[in-house]
Amino acid sequence: HNLEFESGAEFTKRLTIFAANDDIISEHNSGDSTYELGHNQFSHLSFEEFEEMYLSEPAPRQEGSRYINAFEGVEAADSVDWVGTGYVTDVK
């Protein structure tokens with residue numbers, strides 16, 4: 001990914017983080033998971049660094065707001081024939 005670091009100390013820090021992430025990836029991939037992990041352009045970042053740089057805080061709930069279930073009290077069918085209703089069509 002053509003990364004450049006300001007100093008040898010920074011390079012060593014990033015290499016250490018990369019190695020720790022590689023251990024996490026190897027341990028995960030040696031298990032019985034249905035998916036594989038791999039390296040990407042963020043492999044030299046710690047989770048805390050990634051979180052600070054790329055993830056945002058959840059939006060705060062407004063005072064007095066609450067979840068409203070619009071379907072409360074609505075009776076639902078046990079099953080629906082979606083093909084018969086025309087919502088699912090043949091592959092084109």
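Only this structure's heavy atoms are used, side chains among them; waters, hydrogens and symmetry mates stay out.
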Report task. Return yes if some donor-acceptor pair links the side-chain N/O of His1 with the main-chain N/O of Phe42 below 3.5 Å, else return no. Result -> no
Query raised in the report: Using a side-chain heavy atom cutoff under 4.5 Å and only I, L, V, M, F, W and Y, what cluster partners does Val80 have?
Result: Trp82, Val83, Tyr87, Val88
Report task. Please round to the nearest 0.5 Å and tell me the distance separating atom CD of Glu48 and atom CD1 of Ile17. Result -> 9.0 Å
Query raised in the report: Are more than 12 heavy atoms from other residues, nucleotides or ligands located less than 6.0 Å from atom CZ of Phe11?
Result: no
Requested in this report: Please report the C-alpha distance between Glu36 and Asn29 in whole Å, then the side-chain angles of each, then the deciding distance to 0.1 Å, and finally whether the side chain to side chain contact (heavy atoms under 4.5 Å, CB included) criterion is met.
Outcome: CA-CA 6 Å; Glu36 273 189 13; Asn29 289 346; 3.8 Å; yes
Report summary line: Contacts of Glu51 meeting side chain to side chain donor-acceptor pair (under 3.5 Å) (sequence neighbours excluded), chain-then-number -> none
Query - Between CG on residue Leu37 and CD on residue Glu27, distance to nearest 0.5 Å - result: 10.5 Å
Query raised in the report: Is there a side-chain contact between Phe5 and Lys13 (heavy atoms, below 4.5 Å)?
Result: no
Query raised in the report: Who are the side chain to side chain donor-acceptor pair (under 3.5 Å) partners of Asp22, not counting sequence neighbours?
Result: His39
Query raised in the report: Does Glu49 reach the main-chain N or O of Ser46 with its side chain, forming a donor-acceptor pair under 3.5 Å?
Result: yes
**Report entry** Over 12 foreign heavy atoms within 6.0 Å of CD, Gln41
**Finding:** yes
**Report entry** Check: Leu45 main-chain N/O paired with Asn21 side-chain donor or acceptor under 3.5 Å
**Finding:** yes
